[in-house]
Undergrad: 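Input: one structure, supplied below.
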2 protein chains.
Amino acid sequence: MSAEWDDLKTVLAVARSGTLAAAGADLGLNYTTVARRVQRAEAALGVNLFHRLPDGYRATDIGLLVARHAALMDQQADGLFRALQGQDQTLRGRLVVTAPQLLIGPHVAPVLEQFSEQHPEVEVLLRATNDLLDLNRREADLAIRISRTPGDTLMGVRLCEQQAASFAAKSVAKRLKDYPDAPVEWIVYEQSPKVPKAAMELYPNSKVRMVFDDMAAMVGAAQAGLGVVRMPMFLGRASEGLEQVPVLPPQPYADIWVVAHRDVWPSAKVKTFREMLVPWFKSHWDCFVSS
Amino acid sequence: MSAEWDDLKTVLAVARSGTLAAAGADLGLNYTTVARRVQRAEAALGVNLFHRLPDGYRATDIGLLVARHAALMDQQADGLFRALQGQDQTLRGRLVVTAPQLLIGPHVAPVLEQFSEQHPEVEVLLRATNDLLDLNRREADLAIRISRTPGDTLMGVRLCEQQAASFAAKSVAKRLKDYPDAPVEWIVYEQSPKVPKAAMELYPNSKVRMVFDDMAAMVGAAQAGLGVVRMPMFLGRASEGLEQVPVLPPQPYADIWVVAHRDVWPSAKVKTFREMLVPWFKSHWDCFVSS
DNA sequence: ACTCATACATGCATTTTCGCATGTCGCACA
DNA sequence: TGTGCGACATGCGAAAATGCATGTATGAGT
């Protein structure tokens, strides 16, 4: 009893994704091949690994056992590729960078441009997402993150501090100034769906008008004059048609970090990109805090 | 940058064995295939993994890095196969047993026979060696060992206690009795190449005549009348033409254990074999200690 | 009831991988 | 200096793995 490692990898992919087709997409294989590899693994191990259900493959108990161990192998494989990447002292090949969507336009794109001009042989792939990609699993090499901590096992450098404040369309701002006692209508973020406490103290008749799950949409809504939004300073300042309103005084906000896995940290591409970010943010600190 | 797991496994095998041919033998592949997989891995990773030397392949620094990580994957794979084996509740298929060569004839063979009669669908493979096979790496499923401890991470049951004593050919025994003051000539084991202390106290003019590195050869030498040998009681008694001589009084010797990896311990085949050994040794305890 | 989408099974042609035979190189030994 | 051995490189036919096309089953939606 023994089995080929690639078949184990395939079993893991199927156990994770639940269907042959999805596993095949993960592995860059046709799902037919995936099915056959699963069969081979089952024959080699002499056990059934999956229940064939109408809506896909579901791992049996033993299939789960195999998948659990294969996942550990997968972690080791990731460790290997990270270590190799950490060794890589060339400025050629691919570099995967991830950053929060809204930070990219104003403050990452310029560094990207500078980097790719100076190192044209590096192919930069930018993943613009608010999801925290898994740097352990090499979903990205380097991440720019807005966070209070650099992250568990990752290495990081703080790029700058930030403040948040309240912003609104010019028309709304004027109305607030003209009628200081009128109710303040907020558009708030789903993850903290209340009027900020400090604002409530200053303007007791503030109220939530809408709850959004997306900050870009909130900027749009603020621009359209739907209400007041709490957002990081840099974002309000960079958004056309918005102005800061004194409903919420500037308050601390999560810092901006550049982070990478410790294995990958010393690689030339990561090091170079990182060292280009630092001075840029240093020279633009005034975009992020109230002057 | 990424690579197939099977190619990593191949790189590991080459790094371990140093030549394509030996790695191929390990993996059950033709060495040509091994060479090609190494090439593929190098291409996929974009680095050189081996120095091509006239007498084989030697891993580069990066090759060593890859091999180190692949070895961790290999450990996980071993863990997987052990876990599967531990789950196996059938009494079919292969069971690999290892035991010290000299214990097999008198005390393991009978149990082997009994087991294979009761469970004819189990193919027992016996590895007769004094080397400690690596049960982590599944070189054997179950081991009978003469040792003071069951072994680090292994599970074990003590089969019986043992004593050692001095044995010699009948002619030598007679001479010892007739001439109690004549020098006693010993054949000693390389691993403790001295006359046993207790014997030296009783017979101060004992001396080492020969040093052997193999216990079977020592038995033969004793039978040929070359001298006195300290050996486990069971061995002296089971060896034609030897008799116990009072030069060395019976003294404690390492116990006999049956051990297995904890993962494999609960499997039906291991459990059944183990449970057959226990009563057999229990009923033959008098072969191992002086009555 | 019918249609559509999803997911898998199966047969066949193609591509890739594999093993064997042969050739080269370096080294030890006579 | 020649000879034999061990180890690898290379070319070619055989074998295996792969992808594509087609067919079947199930469940959702109309």
Side-chain angles (χ1 to χ4, degrees), chain A residues 1-64 66-67 70 73-74 77, chain B residues 1-64 66-67 70 73-74 77:
Chain A
M1 182 241 285
S2 175
E4 296 305 318
W5 286 10
D6 280 343
D7 293 345
L8 297 178
K9 183 180 177 182
T10 307
V11 168
L12 172 62
V14 174
R16 276 185 172 150
S17 63
T19 72
L20 297 181
D26 274 3
L27 298 168
L29 294 171
N30 187 289
Y31 75 96
T32 316
T33 303
V34 175
R36 279 185 289 235
R37 287 196 184 174
V38 169
Q39 285 178 355
R40 251 198 341 228
E42 289 183 323
L45 302 176
V47 290
N48 260 60
L49 298 173
F50 294 95
H51 299 292
R52 272 72 169 170
L53 302 180
D55 61 335
Y57 274 39
R58 204 186 66 232
T60 61
D61 287 349
I62 292 198
L64 283 176
V66 173
M73 292 178 72
D74 194 35
Chain B
M1 178 238 286
S2 175
E4 296 307 318
W5 286 9
D6 280 344
D7 293 345
L8 298 178
K9 183 179 177 182
T10 307
V11 168
L12 172 61
V14 174
R16 275 185 171 149
S17 63
T19 72
L20 296 181
D26 274 2
L27 298 168
L29 294 171
N30 187 290
Y31 76 95
T32 316
T33 303
V34 176
R36 280 186 288 234
R37 289 197 184 175
V38 169
Q39 285 178 353
R40 250 195 347 223
E42 289 183 324
L45 302 176
V47 292
N48 260 60
L49 298 172
F50 294 96
H51 300 291
R52 272 74 168 171
L53 302 180
D55 60 337
Y57 273 38
R58 204 184 68 230
T60 60
D61 287 349
I62 292 199
L64 283 177
V66 172
M73 291 178 71
D74 194 36

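Nothing here was measured: the structure is a model prediction, and the numbers come from that model. Here is the naming used below: chain letters follow the sequence lines, and residue numbers restart at 1 for every chain.
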Undergrad: State plainly whether the residues A/D74 and A/R16 are in salt-bridge range, i.e. N to O under 4.0 Å.
TA: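 Judged by the 4.0 Å cut-off on N to carboxylate O distance, A/D74 and A/R16 do form a salt bridge.
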Undergrad: Does any pair with a residue in residues 32-41 of chain B pass salt bridge (charged side-chain N to carboxylate O under 4.0 Å, His left out), and if so which ones, sequence neighbours excluded?
TA: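 Found B/D7-B/R40.
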Undergrad: Give the B/S/- string for nucleotides 10-30 of chain D, one per nucleotide from 5' to 3', where a protein heavy atom under 4.0 Å of the base yields B, of only the sugar-phosphate yields S, and otherwise -.
TA: B------SBBB-----S----
Undergrad: Check the distance between D/dC8's P and B/D55's CG and give it to me in whole angstrom.
TA: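 Nearest whole value for this atom pair: 8 Å.
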Undergrad: B/A13: which residues meet the side chain to side chain contact (heavy atoms under 4.5 Å, CB included) condition with it, sequence neighbours left out?
TA: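 B/A13: side chain to side chain contact (heavy atoms under 4.5 Å, CB included) contacts with B/A23, B/L27.
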Undergrad: With a 6.0 Å cut-off (strictly less than), is the heavy-atom count around CG of A/D55, excluding the residue itself, greater than 12?
TA: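 Enclosed: over 12 neighbouring heavy atoms sit under 6.0 Å from CG of A/D55.
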Undergrad: Would a 4.5 Å heavy-atom cut-off, applied to side chains only, mark A/M73 and A/K9 as touching?
TA: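 Side-chain contact under 4.5 Å: no.
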Undergrad: Do any of residues 16-24 of chain B sit with a heavy atom less than 4.0 Å from DNA chain D, and if so which?
TA: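 Nucleic-acid contacts, sorted: B/T19, B/L20, B/A21.
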Undergrad: Side-chain polar contacts of residues 43-53 of chain B - donor-acceptor pairs under 3.5 angstrom, sequence neighbours left out - could you list them?
TA:
residue, atom, partner, partner atom, Å
B/R52, NE, B/Y57, OH, 3.3
B/R52, NH1, B/E42, OE1, 3.3
B/R52, NH1, B/E42, OE2, 3.0
B/R52, NH1, B/F50, O, 3.2
B/R52, NH2, B/E42, OE1, 3.0

Undergrad: Considering residues at least two apart in sequence or located in another chain, which fulfil the side chain to side chain contact (heavy atoms under 4.5 Å, CB included) criterion with B/A35?
TA: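 Counting only residues at least two positions away or on another chain, B/A35 forms a side chain to side chain contact (heavy atoms under 4.5 Å, CB included) with B/L20.
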Undergrad: In whole Å, I'd like the distance from the OH atom of A/Y57 to the C1' atom of C/dA7.
TA: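 Spelled out: OH on A/Y57 to C1' on C/dA7 is 10 Å.
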Undergrad: For A/T10 and A/D6, indicate whether the former's side chain and the latter's backbone hold a donor-acceptor pair under 3.5 Å.
TA: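 Answer holds: yes.
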Undergrad: Measure the distance from CG on B/L27 to C1' on C/dT17 and round it to the nearest whole Å.
TA: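 My rounded result for the distance is 15 Å.
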